[in-house]
Amino acid sequence: MQDPAPTANSILISIRPEYLRAVLNGTKACEHRHTAPKKPASRETSPAKRVAGEAEITEILELSVQKLWEKTKDIGGLSEAAYLQYFHGRTTGYAIMLGKVTAYMEPVPLESLGVARIPQSWMYLGAPADCKVYIAISR
């Protein structure tokens, strides 16, 4: 497979392996975050440091934690308890809504995106404008 070619609007997102599997098999259609980019891309977190696939970002929701739960509970891949623990102490949350997801046959090194380390949550790969997410596996 050819290395990914991020555009100026791509971001890289770290996702834990169990959630990555759910995104790639279509049972998880959004990724919850405390903060959100203007436009996104995603990746896999350590220790793997590989890019496992990419997804289109269809929308980024910014809502109260309660309203966000109501909107994403059936597609977020989290139990209500895990969701509430993640957003504990926060009034606002974000959900990066994922469109078409493409799993790579073989994960590619993070360096193929010009990145040396996996971000804590997400990072821009270029100027914010694109709606592609590269998905990396996190721990």
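No hydrogens, no waters, no symmetry mates; every other heavy atom, side chains included, goes into these values. Computed from a predicted structure; not experimentally measured.
Between I15 atom CD1 and I96 atom CD1 the span is 8.0 Å, to the nearest 0.5 Å. Taking OH of Y19 as the start and SG of C30 as the end, the distance is 11.5 Å to the nearest 0.5 Å. Atom OG1 of residue T72 and atom NZ of residue K28 lie 8.0 Å apart, to the nearest 0.5 angstrom. Rounding to the nearest 0.5 Å gives a distance of 5.5 Å between NE2 of H34 and CZ of F87. Within the model, atoms CD of E62 and NZ of K67 stand 12.5 Å from one another, a figure rounded to the nearest 0.5 Å.
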query: Does the pair E54 and Y104 meet the rule for a side chain to side chain donor-acceptor pair (under 3.5 Å), with working shown?
result: CA-CA 8 Å; E54 58 188 68; Y104 296 158; 2.4 Å; yes
- request: Given side-chain contact (heavy atoms from CB on, under 4.5 Å), test L63 with T92 step by step and report yes or no.
  value: CA-CA 6 Å; L63 298 168; T92 301; over 6 Å; no
task: Would you sort out whether M97 and I60 count as a side-chain contact (heavy atoms from CB on, under 4.5 Å), showing the intermediate values?
output: CA-CA 6 Å; M97 307 303 286; I60 299 175; over 6 Å; no
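Looking at every heavy atom in both residues, G99 comes nearest to T58 through CA-CG2, 3.5 Å. Nearest heavy-atom pair across L20 and A52 is CD2-CB, 3.6 Å. Residues L24 and A103 come closest through the heavy atom pair CD2-CB, 3.8 Å.
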Name every donor-acceptor pair, under 3.5 Å, that has one atom in a side chain of residues 75-83 and the other anywhere in the protein, sequence neighbours excluded.
residue: S79; atom: OG; partner: A82; partner atom: N; Å: 3.1
residue: Y83; atom: OH; partner: V65; partner atom: O; Å: 2.7
residue: Y83; atom: OH; partner: W69; partner atom: N; Å: 3.2

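Side-chain contact check for Y86 versus R33: some heavy-atom pair is nearer than 4.5 Å. When side chains are defined from C-beta on, L110 counts as touching L12, because their heavy atoms get closer than 4.5 Å. In this structure, the side chains of E56 and L98 stay at 4.5 Å or more apart for every pair of heavy atoms.
Every side-chain hydrogen bond (donor to acceptor under 3.5 Å, both in side chains) that K73 has, sequence neighbours left out, goes to E70.
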